[in-house]
**Q** 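Here's a structure for you.
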Amino acid sequence: MLESLVQGIISGDIEVIDLAQPLNEQTPVIQLPEPFANPAGFKYHKLSDYDEAGPAWYWNDFTAGEHVGTHFDTPNHWISGRGKDGVDTMPVQNMIGEACVINVKDQCADNPDYLLTVDDILSYELSYGRIPERAWVILYTGWGEYAQNPEQFFNIGEDGMPHTPGFTMEASKFLAYERKVLGAGVETVGTDAGIAGSFDVPFPSHHYMHEVNRYGLAQLANVHLLPARGAVIIATPLKITGGSGSPIRPIALVPAKRVVE
């Protein structure tokens with residue numbers, strides 16, 4: 001089985017999709033209002049570049065927050081998941097799962113505050129089958145197109161709030177408790193809508209997913225290349241002791257010539 005998988009990758013029968021946005025000093029980073037602390041962005045610190053500091057080698061240090069760029073959220077990131085998995089303690093098999101991609105791009109084009117509903121999930125299941133346990137549910141919003149443009153990416157309105165899509169409270173709870181998924185994946189800066197801080201349960205994707213030891217993938221790229229069903233996502237965070245998240249370069253294994261519907 002593993003030999004056929006490798007041969008499929010080599011032959012191109014299985015396509016490997018890069019789901020990471022470029023990580024550099026221009027990468028958009030979430031900005032919380034005062035008095036809350038914000039993560040540092042990504043920054044290089046050059047060590048040598050085939051020069052006197054290192055004549056035969058090029059390398060750098062870098063600094064970055066755990067939740068910068070395409071990144072992984074573990075349950076201990078949120079108060080509801082306090083004491084649960086971190087990137088260093090989560091089971092490694094939980095880094096791999098089928099991708100169930102729910103396409104709401106058209107709805108988000110009309111309404112940047114669009115929230116996935118339970119009805120959207122049930123409609124998806126009518127077309128593609130029940131979402132299995134331990135799947136990654138990926139919300140395809142088209143927001144990845146804005147990843148290199150902070151103004152469009154954050155979409156701050158006249159009210160001072162970011163207006164980006166996400167999940168209703170009911171949908172987040174349904175996925176976490178009824179479908180028992182591995183977690184939620186999004187193209188936006190975090191797994192909740194921009195206005196989710198105003199909900200009755202603030203930031204419900206974080207709250208409900210992390211409450212039951214589920215995970216989050218944020219700032220994904222190339223979601224438009226994934227099929228609605230049939231891809232496998234591999235997302236491996238750095239094993240940071242006590243870490244609540246990590247920049248990642250997730251990949252998807254996709255049967256060739258299949259695209260999201």
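A quick note: this is a predicted structure, and the numbers were derived from the prediction, not measured.
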**Q** Is Y114 reachable from Y146 through a run of I, L, V, M, F, W or Y residues, each pair having side-chain heavy atoms under 4.5 Å apart?
**A** no
**Q** For L115, does its backbone N or O pair with a side-chain atom of T168 as donor and acceptor, under 3.5 Å?
**A** no
**Q** Working note: E170 + T117, criterion side-chain contact (heavy atoms from CB on, under 4.5 Å); need CA distance, chi angles, decisive distance, verdict.
**A** CA-CA 7 Å; E170 295 79 10; T117 67; over 6 Å; no
**Q** Looking only at heavy atoms, what is the nearest atom pair of S244 and T74, with distance?
**A** O-OG1, 2.9 Å
**Q** Once the angle between the rings of Y177 and Y208 is folded into 0 to 90°, is it parallel (under 30°), tilted (30 to 60°) or perpendicular (over 60°)?
**A** perpendicular
**Q** Compare every heavy atom of P227 with every heavy atom of V254, then report the nearest pair and how far apart it is.
**A** CG1-CD, 3.6 Å
**Q** Could you grab the distance from atom CE of M209 to atom OG of S80, nearest 0.5 Å is fine?
**A** 11.0 Å
**Q** Supply the atom-to-atom distance F36 CZ to Q31 CD, rounded to the nearest 0.5 angstrom.
**A** 13.5 Å
**Q** Which heavy atom of G230 sits nearest a heavy atom of P255, and at what distance?
**A** O-CD, 3.5 Å
**Q** To the nearest 0.5 Å, tell me how far H224 NE2 sits from I17 CD1.
**A** 8.5 Å
**Q** Is the closest side-chain heavy-atom distance between L220 and T70 below 4.5 Å?
**A** yes
**Q** What pairs with S246 under side chain to side chain donor-acceptor pair (under 3.5 Å), at least two apart in sequence or on another chain?
**A** none
**Q** Hey, does P247 have a side-chain heavy atom less than 4.5 Å from the side chain of L23?
**A** yes
**Q** As a quick check of understanding, evaluate side-chain contact (heavy atoms from CB on, under 4.5 Å) for I121 and V137, giving each step before the final call.
**A** CA-CA 10 Å; I121 298 169; V137 172; over 6 Å; no
**Q** How about T191 and H206: do any of their side-chain heavy atoms sit closer than 4.5 Å?
**A** yes
**Q** Answer yes or no: is there a donor N or O on one side and an acceptor on the other, between the side chain of T141 and the main chain of K105, under 3.5 Å?
**A** no
**Q** Regarding N155 and H163, do their side chains bring together a donor and an acceptor under 3.5 Å, going by distance alone?
**A** no
**Q** Would a distance-only check, ignoring hydrogens and angles, find a side-chain to backbone donor-acceptor pair under 3.5 Å from T27 to P22?
**A** yes
**Q** More than 12 heavy atoms of other residues, nucleotides or ligands under 6.0 Å from OH of Y44: is that the case?
**A** no
**Q** Provide the full list of salt bridge (charged side-chain N to carboxylate O under 4.0 Å, His left out) pairs with a residue in residues 49-66, sequence neighbours left out, each pair given once.
**A** K46-D49
**Q** Taking the side chain as everything from C-beta on, heavy atoms only, tell me whether Q219 gets closer than 4.5 Å to V189.
**A** yes
**Q** Side-chain contact, heavy-atom cut-off 4.5 Å: F167 with K173?
**A** no
**Q** Quick one: list whatever passes ring pair (Phe, Tyr, Trp, His ring centres under 6.0 Å) with H67, sequence neighbours left out.
**A** H71, H77
**Q** With a 4.5 Å limit on heavy-atom distance, are the side chains of V29 and N38 in contact?
**A** no
**Q** Taking G190's backbone N and O only, do any of them form a donor-acceptor pair with T188's side chain (distance below 3.5 Å, no angle check)?
**A** yes
**Q** Could you measure the distance from the SG atom of C108 to the CG atom of L139? Nearest 0.5 Å is fine.
**A** 6.5 Å
**Q** Members other than F203 in its cluster, when Ile, Leu, Val, Met, Phe, Trp, Tyr link by side-chain heavy atoms under 4.5 Å?
**A** W78, I79
**Q** Within the distance-only criterion (no hydrogens, no angle test), does the side chain of N149 pair as donor or acceptor with the backbone N or O of Q152 below 3.5 angstrom?
**A** yes
**Q** Do the non-hydrogen side-chain atoms of W143 and V223 ever get within less than 4.5 Å of each other?
**A** no
**Q** Would Q148 and Q26 count as a side-chain contact (heavy atoms from CB on, under 4.5 Å) here? Give the steps.
**A** CA-CA 8 Å; Q148 305 307 309; Q26 287 72 51; 5.6 Å; no
**Q** Between L19 and L226, is any pair of side-chain heavy atoms under 4.5 Å apart?
**A** yes
**Q** Output every pair passing salt bridge (charged side-chain N to carboxylate O under 4.0 Å, His left out) with a member in residues 116-131, not counting sequence neighbours, ordered by first then second residue.
**A** E125-R179
**Q** So which atom in L217 and which in F72 form the shortest heavy-atom distance, rounded to 0.1 Å?
**A** CD2-CD1, 3.6 Å
**Q** Please say yes or no: joined through hydrophobic side-chain contacts below 4.5 Å, possibly via intermediate residues, are L238 and I234 part of one cluster?
**A** no
**Q** For a quick test of reading the model, state the closest non-hydrogen atom pair linking L47 to N60 and the distance between them.
**A** CD1-C, 3.8 Å
**Q** What's the separation between atom OH in Y140 and atom CD1 in I102, rounded to the nearest 0.5 Å?
**A** 14.0 Å
**Q** So does S205 get a backbone contact from the side chain of D192, meaning a donor-acceptor N/O pair under 3.5 Å?
**A** yes
**Q** Can you see which heavy atom on N76 is nearest to which on G242, and at what distance?
**A** ND2-O, 3.9 Å
**Q** Among the clusters formed by ILVMFWY side chains lying less than 4.5 Å apart, do L32 and F154 turn up in the same one?
**A** yes
**Q** Are N94 and R214 close enough that a side-chain donor and a side-chain acceptor fall under 3.5 Å?
**A** no
**Q** Can you tell me how far CG of L182 sits from CG of N213, rounded to the nearest 0.5 angstrom?
**A** 11.0 Å
**Q** Test of understanding: clusters of I, L, V, M, F, W, Y form through side-chain heavy atoms closer than 4.5 Å, transitively. Do M169 and V212 belong to the same one?
**A** yes
**Q** Taking only residues two or more places apart in sequence, or in another chain, which ones meet F174 in a ring pair (Phe, Tyr, Trp, His ring centres under 6.0 Å)?
**A** none
**Q** Is there a chain of hydrophobic side chains (I, L, V, M, F, W, Y, each step under 4.5 Å between heavy atoms) that links V101 to Y215?
**A** yes
**Q** Applying side-chain contact (heavy atoms from CB on, under 4.5 Å), run through Q21 and F153 and close with a yes or a no.
**A** CA-CA 13 Å; Q21 296 287 354; F153 188 67; over 6 Å; no
**Q** Answer yes or no: does atom CD of E151 have more than 12 heavy-atom neighbours from other residues, nucleotides or ligands under 6.0 Å?
**A** no
